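Worksheet: one structure, shown below.
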Amino acid sequence: MFALVDCNNFYASCERLFRPELRGKPVVVLSNNDGCVIARSQESKDLGIKMGTPWHFIQKEMKHLGVVQASSNYTLYADISARVMQNLARFTPNIEVYSIDESFLDLSGFSVCKTNLNAYGRLIRKTVLRNTGIPVGVGIAPTKTLAKIANKLSKKSKGVCVLNTPEKITEALQDFPIEDIWGIGGASAKKLWLKDIKTALHLREQPLDWVQKTFTIQGARMWYELHGRSCLPLSQVFERKKGVCTSRAFGKLTDNYGELEEATTNYASRLSEKLRKDRSCATLLSVRLLTNQFRKELPQIYPVVLIKLPHPTNNTLDLVKYSLEGLKKVYVKGYLFLKVELLATGLIPESEVQLNLFESYKGKERNKVSEVMDRLNLHFGKGTLRIATEGKTHAWTMRRQFLSPSFTTKWEDIIRVG
DNA sequence: TCTGGGGTCCTAGGACCC
DNA sequence: TCTGGGGTCCTAGGACCC
């Protein structure tokens, strides 16, 4: 048996955590640059606010209705997430942290006592809520796909839903919309609707070879999982990422090369920090510039260059240098750019970097510089020590007009009591 | 004025190898 | 008449996830 535990309206719940005055009020969390709605409290959902709506389309009207807006504060969410996951890990030795707000728990061995699963689910909910203040939903079923479905259904049944018999599973699938199944996106849903297949049960009744032919091996796995045969194991081992990406829209469009250089330096620094955190080194780096695709009246261009790094690296000085070289190659005059995207691939473990006997590489010294930067920035705050080409004006930084305090990760933002 | 930022897996097709 | 049979690696693109 698997349990899927997921946090309700996670980002919105985090925003409310230390601001009790927001309880019961509609809250929305916005994407970078305060662009789109990416999380909604229940009250906001009830107002009909859709996921992904550009905020400026509806902002006026929503403010009128008393909706509270928040810029996304990932530092806060990541810290609260870690607390939730720590609590979940107390319930089983085998847990897969699937995303920032959900985890799969392996409950095999618990399945013998059927009546207990419901109680166990309730205990998980109660514990996480008491220890972190975050409400969660629990879905329990014999496969991950079914646990996902149970989790969705749990929102309508006091936060816990257990599907542990064939009858209960069939009943749940009967009314479950095809497009809500884990692994069915827009394109697949369309194909199924055209064949008049609208529920999970109806999909499960289709012949396996048709499902496999239409939706490849992933569709076949889904089919088995819907039948209660587990094909997607819990993955607990740490797996090195295949790519690390830093890509962020600027606060405004720009054709100023100096500003692009500053932004690129900043993004390359962030990229190398991420690589060091994962103890990975990159062998390939791609640099891309992008114009604003929504401004149809402006000329569009998305030039990219792939750089083979002469030596696997994760240090800031190297990556800034090669990123700026890449920028020079892709930059063209006459366009307004919205975004620069840096993608590091061909990742290998830091510990397996081979030294080249014939190459005079100043890796060690440069790595030391990065280590010192990390230490200082951890101690004195982000950006304390940075590369000079990052500049001081930061005209390109994103808009975050409604940013909440980092209540749990920044000394000056910690709440005072009494 | 304003439209996110990260990832994963799978397939097809081309180039190349023996 | 008749033109092998197995591989690998790489890239691009599609679809999906949160």
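Everything quoted here is computed from the prediction, not taken from an experiment. We use all heavy atoms of the structure for the numbers below, so side chains are in, but hydrogens, waters and symmetry mates are not. In the text below, chain A, chain B and the rest are named by the order of the sequence lines, each starting its count at 1.
Contacts of A:Ser188 with the nucleic acid, taken as non-hydrogen atoms under 4.0 Å apart, involve only primed sugar atoms and P, OP1 or OP2. Counting non-hydrogen atoms under 4.0 angstrom, A:Arg221 reaches the backbone sugars and phosphates but no base. Among the atoms of the strands shown, none is found under 4.0 Å from any heavy atom of A:Gln59. Residue-level contact check: A:Gly52 touches neither bases nor backbone, having no heavy atom under 4.0 Å from any strand. Within 4.0 Å (heavy atoms only), A:Thr53 reaches no atom of the nucleic acid at all. Among the atoms of the strands shown, only primed sugar atoms or phosphate atoms (P, OP1, OP2) are found under 4.0 Å from some heavy atom of A:Ile184. Here A:Ile181 lies in heavy-atom contact (under 4.0 Å) with sugar-phosphate atoms only. Here A:Lys190 lies out of heavy-atom contact (under 4.0 Å) with every strand. A:Lys241 comes within 4.0 angstrom of sugar-phosphate atoms only, judged by non-hydrogen atoms across all strands, and of no base.
Of all nucleotides listed (B:dG4, B:dT8, B:dC2), B:dG4 comes nearest to the side chain of A:Phe294. Considering only side-chain atoms of A:Asn292, the nucleotide from C:dC17, B:dG6, B:dT3 that sits closest is B:dT3. Among the nucleotides C:dA15, C:dC17, B:dT3, the one closest to the side chain of A:His56 is B:dT3. Among the nucleotides C:dC16, B:dG5, C:dC18, the one closest to the side chain of A:Ala249 is B:dG5. The A:Arg295 side chain lies nearest to B:dC2 when the options are B:dG6, B:dC2, B:dC9. Distances were taken from every side-chain heavy atom of A:Cys245 (C-beta onward) to each of B:dC2, C:dA15, B:dG7; the shortest belongs to B:dG7. Among the nucleotides B:dC9, B:dG6, C:dA15, the one closest to any side-chain atom of A:Lys242 is B:dC9.
Spacing between atom CZ of A:Arg40 and atom P of C:dC18 amounts to 13 Å, rounded to whole angstrom units. For A:Trp182 and C:dC16, the CH2 to C1' distance is 11 Å, given to the nearest whole Å. The nearest whole Å value for the distance from the CD atom in A:Gln293 to the P atom in B:dG4 is 8 Å. Counting to the nearest Å, the P atom of B:dG5 and the OH atom of A:Tyr11 are 13 Å from each other. The distance between atom CG of A:Asp101 and atom P of C:dC17, rounded to the nearest whole Å, is 14 Å. At whole-Å resolution of the value, CZ in A:Arg248 and P in B:dC2 are 20 Å apart. For A:Met398 and B:dT1, the CE to C1' distance is 18 Å, given to the nearest whole Å. Counting to the nearest Å, the P atom of C:dC17 and the NZ atom of A:Lys148 are 9 Å from each other.
The side chain to side chain contact (heavy atoms under 4.5 Å, CB included) test with A:His202 is passed by exactly one of A:Asp196, A:Leu173, A:Ile178, A:Ile197: A:Ile197.
Using a 4.0 Å cut-off between charged nitrogen and carboxylate oxygen, A:Asp278 and A:Lys241 count as a salt-bridge pair. At a threshold of 4.0 Å, the pair A:Lys144-A:Glu96 counts as salt-bridged, since one of the basic side-chain nitrogens sits closer than that to a carboxylate oxygen. The existence of a salt bridge linking A:Lys213 and A:Asp209 is excluded, since no basic side-chain nitrogen approaches an acidic carboxylate oxygen closer than 4.0 Å. By the 4.0 Å N-to-carboxylate-O rule, A:Arg23 lies too far from A:Glu43 to be salt-bridged with it.
Nucleotide B:dC10 has C:dG13 as its partner under the Watson-Crick or G-U criteria, with both atom distances under 3.5 Å. With a 3.5 Å ceiling on both atom-pair distances, the Watson-Crick or G-U wobble partner of C:dC18 is B:dG5.
Within 6.0 Å of CD in A:Gln236 there are more than 12 heavy atoms belonging to other residues, nucleotides or ligands.
An OP1 or OP2 oxygen of B:dG4 is reached within less than 4.0 angstrom by no side-chain nitrogen or oxygen of A:Lys339. For B:dC2, the OP1/OP2 oxygens have no side-chain nitrogen or oxygen of A:Lys252 closer than 4.0 Å.
Residues A:Gly35 and A:Thr216 each lie close to DNA chain B; by heavy-atom proximity, the contact nearer the 5' end of the strand is made by A:Gly35. Two residues, A:Ile217 and A:Ser31, neighbour DNA chain B, and the one matched to the more 5' nucleotide by heavy-atom proximity is A:Ser31.
For the pair A:Arg288 and A:Tyr302, the cation does not sit on the ring face, since its NZ or CZ is not both under 6.0 Å from the ring centre and inside 45° of the axis.
Here the separation of B:dC17 from C:dG4, taken at their C1' atoms, is 14 Å to the nearest Å.
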